[in-house]
Amino acid sequence: MTHTIVNPADESVVTTVAAASIDDADVAIARAAAAQRDWARLAPVDRARLLRRFADAVDGAVEELAAIEMRNSGHPITQARWEAGHVRDVLEYYSASPERLFGRQIPVAGGLDVTFQEPLGVVGVITPWNFPMTIAAWGFAPALAAGNAVVLKPAEWTPLTSMRLAELGLEAGLPDGLFQVIPGKGSVVGQRFVTNETVRKIVFTGSTEIGKQIMSGCADQVKRVTLELGGKSANIVFADSDLERAAATAPYGVFENAGQDCCARSRILVERSVYERFMELLEPAVAGVRVGDPADESTEMGPLVAAAHLDRVRSFVPDDSELAFRAAAPTGPGFWFPPTVLTPARDSRTAREEIFGPVVSVFPFDDEDDAVRFANASEYGLSGSIWTRDLSRGIRVARAIDSGNLSVNSHSSVRYSTPFGGFKQSGLGRELGPDAPLAFTETKNVFLAVDSPSVE
Ligand code: NAP
Ligand code: MG
């Protein structure tokens, strides 16, 4: 079986990719388990060196990876370049971890008590199509650093950069079988990761619906699971904020990657006294988003990933009844949808559900309590922004919002050195930051009796 890869910007065929079977997945998992046993025995300094070489190999392939991602996923070339550089940075950051997975020595009577952070074995990483290589790296880099092997199933639509990353790992000297990418269907390969007993943990990024299925599948074997799921994040603009800046940056808080971003600030909440002024400022800012050819260095937004996803986004905007304004976009070929601003009721479908496209809804609010209440009136809790000149209020509101990643006077959500993940139905566990490798270990406690008259 094969799967055809289509360039979302012009609908041309890029290549075809083999789709693995259940048997293929089992063979790969068994190879990974064999490689892991040797990997875990390697001196920490040698594992660190190989991960640094992997980072160097990615550094040398930034342009190549960016070009692949542009053609496979439709990402603007400047964005794709950033993503490839981020993969390098994540690998570099976690290449220090093999020598820093410290255990503890705990005072007890009668002997010596120490803890060890033991690798899990084989980790299954299942990634979505929206940020194929960065999300892959958030899983495989800390997992490898902690002494595990990784099998990775990329999204069916966007496997190409992950496949190239696995080759780069081999070229850098990673042991054969330690990091394998197995393209195929989620319902076949992804599902097999969940049911194969050799896989000790699943790291899943994708929809909340599939995440719930994976979590219940993992319960059978008490398999460890990390979930990074959907979002419907709020961008809260207070009247005392730098309104020009808040309006100028709001499009970039939601339309980046054509809104196919779990951190998209897809609900803008504006204090009622400045609502009209904000909308006057937002309209030209949205019109200014440069939508078009991903190969153009000045392009800020490309197409949606696939025809089926374009249909889904369109279904949220069947007519112009909620429309405030929209920007221009190419009409086709390619899967284009224009940056679109809606002013729906708070309980409408567009206000509640994750659209995962370049569509944002704007709402007025009355006061701080009202803003926090509405921001939290969501099953999701991933990100959010707060715009105010009152930094006490910035921190107060950030603490009051049930969400994993907040920023004040910024839309930044992701840094490899800080933890990332969701509250409520946006996920379970955290990726990135200094503690990520620990999530790929079990804590083992060893007590050693010490024969000494002076010790109880
Ligand atoms: P998805 O449909 O849930 O798929 C994600 C991955 O799971 C794909 O590789 C998919 O394979 C696989 N899969 C599908 N069914 C499976 C099954 N039964 N068992 C095991 N694996 C299975 O999500 P998507 O449509 O690719 O991505 C969009 C969603 O991801 C959005 O909701 C978005 O918010 C979320 N997301 C969250 C984050 C975060 O960090 N929180 C980041 C990015 C995206 P196929 O490709 O073969 O279907
Ligand atoms: Mg899907």
Side-chain angles (χ1 to χ4, degrees), residues 1-3 5 17-20 22 25 72-73 83 124-139 151-160 162-163 181-196 199 202-218 220 223 225-233 254 256-266 304-306 308-313 316 353-357 378-384 403-405 413-414 419-432 436:
M1 277 239 308
T2 59
H3 180 73
I5 305 295
V17 172
I22 289 181
N72 189 166
S73 308
E83 291 165 21
V125 178
I126 303 173
T127 55
W129 45 258
N130 62 330
F131 288 108
M133 58 178 149
T134 57
I135 291 173
W138 298 2
V151 287
L152 187 151
K153 196 214 82 72
E156 211 180 348
W157 289 336
T158 59
L160 299 184
S162 295
M163 293 168 71
V181 171
I182 304 148
K185 281 196 161 307
S187 54
V188 178
V189 177
Q191 179 60 20
R192 190 59 183 162
F193 286 5
V194 174
T195 55
N196 185 308
V199 177
I202 299 287
V203 178
F204 171 82
T205 304
S207 60
T208 296
E209 182 196 343
I210 303 288
K212 287 177 184 174
Q213 288 178 30
I214 299 224
M215 190 172 173
S216 61
C218 285
D220 238 19
K223 191 168 289 195
V225 62
T226 293
L227 303 172
E228 297 285 2
L229 310 175
K232 189 74 184 178
S233 297
V254 59
E256 212 136 27
N257 203 26
Q260 304 166 124
D261 182 343
C262 47
C263 291
R265 276 69 168 163
S266 54
L304 296 178
V305 70
H309 187 57
L310 176 61
D311 288 344
R312 182 174 181 277
V313 172
F316 280 93
E353 292 184 23
E354 183 181 48
I355 300 174
F356 225 54
S378 170
E379 71 205 46
Y380 296 118
L382 190 56
S383 298
S403 181
N405 297 81
S413 299
V414 169
F420 178 81
F423 278 34
K424 299 190 279 188
Q425 294 191 32
S426 283
L428 181 70
R430 291 292 177 273
E431 298 193 282
L432 299 176

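Read the numbers this way: they start at 1 and go in the same order the structure lists the ligands and their atoms.
Qualifying salt bridge (charged side-chain N to carboxylate O under 4.0 Å, His left out) partners for E156, counting only residues two or more places apart in sequence or in other chains: K185. A search for side chain to side chain contact (heavy atoms under 4.5 Å, CB included) contacts involving Q191 returns T195, not counting sequence neighbours. With sequence neighbours left out, D261 forms a side chain to side chain contact (heavy atoms under 4.5 Å, CB included) with F131, C263, A264.
Under the 30°/60° scheme for interplanar angles, the aromatic rings of W129 and W157 are found to be tilted.
Using a 4.5 Å heavy-atom cutoff, the side chains of T208 and Y380 are in contact.
Near ligand 1, residues I126, T127, P128, W129, N130, I135, K153, P154, A155, E156, G184, K185, G186, G190, Q191, F204, T205, G206, S207, I210, Q213, I214, E228, L229, G230, C262, E354, F356, L382, F420 each place a heavy atom inside the 4.0 Å sphere around the ligand atoms.
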* Between K424 and L382, is a side chain to side chain contact (heavy atoms under 4.5 Å, CB included) present by the stated rule, with each step listed? -> CA-CA 8 Å; K424 299 190 279 188; L382 190 56; over 6 Å; no
